[in-house]
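Predicted model only: the values in this text are computed from it and were never measured.
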Amino acid sequence: MAGATAPRVHHVPAEVTTFVNRRAELAGARRLLTTSRLVTLTGPGGVGKTRLALRVVRGMGRSFPGGIWFVDLAPLQNPALLAHTIVQALEIGDQSTRHPLDVLRGYLSGRRLLLVLDNCERVAAECAQLAASLLDAAPKLHILVTSRQTLGVAGEHILDVHPFEAPAPEWVDSPGAGSEHHAVTLFEQRAQAVDPGFAVTPKNQGIVTRLCHQLDGIPLAIELAAARLSRLPLTSLAAGLDEHTRLLLPGPRTQPPRQRSLKAALSWSFDLCTEAERRMWARVSVFAGGFDLPAAEAVCAGDGIDTAPVLDLLGELIGKSVLIRDEYEGQVRYRLLDTVRQFGLERLRSTGEEPTLRRRHRDWYLRLAEQGDAEWFGPRQVAWFTRLRREHANLRAALSYCLSTPVEARSGLRMATTLWFYWLACGFVAEGCHWIDRALELDTQPTRERARALWVNGYLTGFSGYNPEATAMFRESWDLARRLGDEAAQAYATQLLGLAAAGRGEMVEGERLLSEALRRHQALGRFDAVVAMGQVMRAYVALGNGDVDGAVRLCQEARRVSEARGETWVRSWALWVLALVEWSRGRARQAAELAGECLRIKHVFHDVLGMAFALDMLVWTAVAEGANERAAVLLGAAETTWLTMGEPLANAPQLVESRERSEAGVRLALGDRAFEEAVKRGMDFDMEDAVAYALADHRAPAR
């Protein structure tokens, strides 16, 4: 069947080093996951919980038809965004203002899938509440957690992940001691990565075994030590670590010994770095989730680090197992393991540099947002979507800094508003509203920034359907803009008041306001993505008023301008309205071709709302062409998406009527049983499957 695929493993990071065998834990975790719905892998930092979880899930795809979904919570700094993060990881999209927990409960209710929540310790209480809620709503859901502490949820099964066994001190000098231990194997493998000729031999195994024992068998500590063999002989390595451990281990007795030994290993590795490397380690800890070279140069250079050597310093930290280098489609990025990043943050705070680095970090990502806004209505639209998706954790970190630092609230308002295109077009509406709502609460002064934020927030709130709260924001924005003499904000607010009127079914008033807004924009010389969307909305309103030729003319104009700019997102909406025109004329094949092209574009941006509109159009055209089973499957795929959005087809009466008429027709043609089975098939699709199925029967896109 087109669109059906084997269960997939989503967002699971590639293993970049060998996996030292943990047969017992692997078998135990897999056994627990087949019988238990909540399994927590727990243990101290650096013990290898994430590596174990990754290996566990790689062999379990067939057990979970809904897929295995990996969610890294290490970059999450704001617990309020936990549910948003999981919605995004599941690729549901959040282009509505529904609470993301409600979206999750509805989406997961009938699906058998495995959700892996990695690095939960800093949001353990929130994870516990969320897990309990999801498990209650979704009887087929299984959750695998990694955390330094248990969640304490009813039904939780716990598997302790222990450090590798290291021989007791009295055995380390015995012949053959340690040769059979995984800690020694790990040290040997990681040492060979920096010194290919290294091997554990009868001559050196006592030193290696003693070193592993000093590090309590903690894998991360062993890896940090082994990486030093590129610069230090084994005897010097062991002696230096021995001295450092004696100095640090008598530290706070409130910490368990294994945590103190990891801290000793991190501190020892830090002290062996050059001054510039230590500064770089501390400074890159302000990044969340990863970063690229230009960001590192902008944020970390200065005050003791020149820009030119930044790349070399990053390379040195990679060689010391401090940084990890990743490559995505030719783009190099760097990241820190969470334990290493937290250590770096401690050092950064001790120097007093953290406020300066946080401001630099915010400035870099604010500039990035502003550049993306300026270039969005152009040929680099897809590139900006891809780039900002990779920087999502850093955008959150920058916004969190602004909204937790009193004097920075207006910068936060500016940044959250500037990202309107990302929130709206790329499937993050609920999160965008979260940030703008908070910023508006913190910065209540009557400024141009506030006037803009109000219409942007209303645009996000009301984009998926008429919303009285959005209309109130547009009116408040218009009033404030008039008082401030902000003609641009007035034009945008007028346009969006027209959108709201159309959403209420007041098409004549909608046309009047949209036309007035266009005149205002033209007087100001403005034509951006929002203005272009105003043209598409005018076309939709014209069609609602019976002016089919006018609708075609306005759509073709918006399409022409978009194509001339190399822009695709607004163009996709113009294609959808043109498909609606063709449908109203009884030309189902032409409508299907236009809707299919719209769907292709929406899929690139993960524009879930747009995909749902396109899928519904393909349902109608399939019914008209007599492809009733196909129509029912597509109806199920669209239904899943609308359940996450709240109101099908933005609750527009004429669209809902077409949907209901098509549903009744295909049910009559197939019979109740066949209809329900086909709809169920569609509802079991994830979005990738739904798009593949919808496009499988398509001819070349319309031109």
(request) Could you walk me through whether Glu639 and Arg659 pass salt bridge (charged side-chain N to carboxylate O under 4.0 Å, His left out), step by step? (result) CA-CA 11 Å; Glu639 180 67 19; Arg659 187 177 207 270; 3.2 Å; yes
(message) Test side chain to side chain donor-acceptor pair (under 3.5 Å) on Glu297 and Thr307; report intermediate values, then the result.
(response) CA-CA 6 Å; Glu297 290 174 338; Thr307 301; over 6 Å; no
(request) Could you please spell out the steps behind the salt bridge (charged side-chain N to carboxylate O under 4.0 Å, His left out) verdict for Asp373 and Arg414? (result) CA-CA 12 Å; Asp373 184 18; Arg414 177 180 162 196; over 6 Å; no
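In the model, Glu469 has no side-chain atom that pairs as donor or acceptor with a side-chain atom of Thr461 under 3.5 Å.
Checking each of Arg538, His521, Gln535 against Gln495 for a side-chain hydrogen bond (donor to acceptor under 3.5 Å, both in side chains) leaves exactly one that passes, namely His521.
The distance between the ring centers of His361 and Tyr401 does not fall below 6.0 angstrom. The ring of Trp384 has its center no closer than 6.0 angstrom to the ring center of Trp376. Aromatic ring centres of Phe385 and His606: separated by at least 6.0 Å. Centroid-to-centroid, the aromatic rings of Trp569 and Tyr422 stay 6.0 Å apart or farther. Centroid-to-centroid, the aromatic rings of Trp420 and Phe463 stay 6.0 Å apart or farther. A centroid separation of 6.0 Å or more is found between the aromatic rings of Phe474 and Trp455.
Using a 4.0 Å cut-off between charged side-chain N and carboxylate O, Asp292 and Arg390 make no salt bridge. Using a cut-off of 4.0 Å between Lys/Arg side-chain N and Asp/Glu carboxylate O, Glu509 and Arg512 are scored as salt-bridged. With respect to Glu391 and Arg387, no salt bridge is recorded, no charged nitrogen being found less than 4.0 Å from a carboxylate O. The existence of a salt bridge linking Glu557 and Arg560 is confirmed by a sub-4.0 Å separation between a basic side-chain nitrogen and an acidic carboxylate oxygen. Salt-bridge annotation for Arg520 and Glu487: absent, with no side-chain N of the basic residue lying under 4.0 Å from a carboxylate O of the acidic one. A salt bridge is defined here as a Lys NZ or Arg NE, NH1 or NH2 lying under 4.0 Å from an Asp or Glu carboxylate O, and Arg360 with Glu353 fails to meet this definition.
For the side-chain hydrogen bond (donor to acceptor under 3.5 Å, both in side chains) condition, the pairs that include at least one residue of residues 440-450, sequence neighbours left out, are Arg410-Asp443, Thr447-Glu449.
Closest non-hydrogen pair, Thr568 versus Ile601, comes out as O-CG2, 3.5 Å.
More than 12 heavy atoms of other residues, nucleotides or ligands shown are found within 6.0 angstrom of CD on Glu516.
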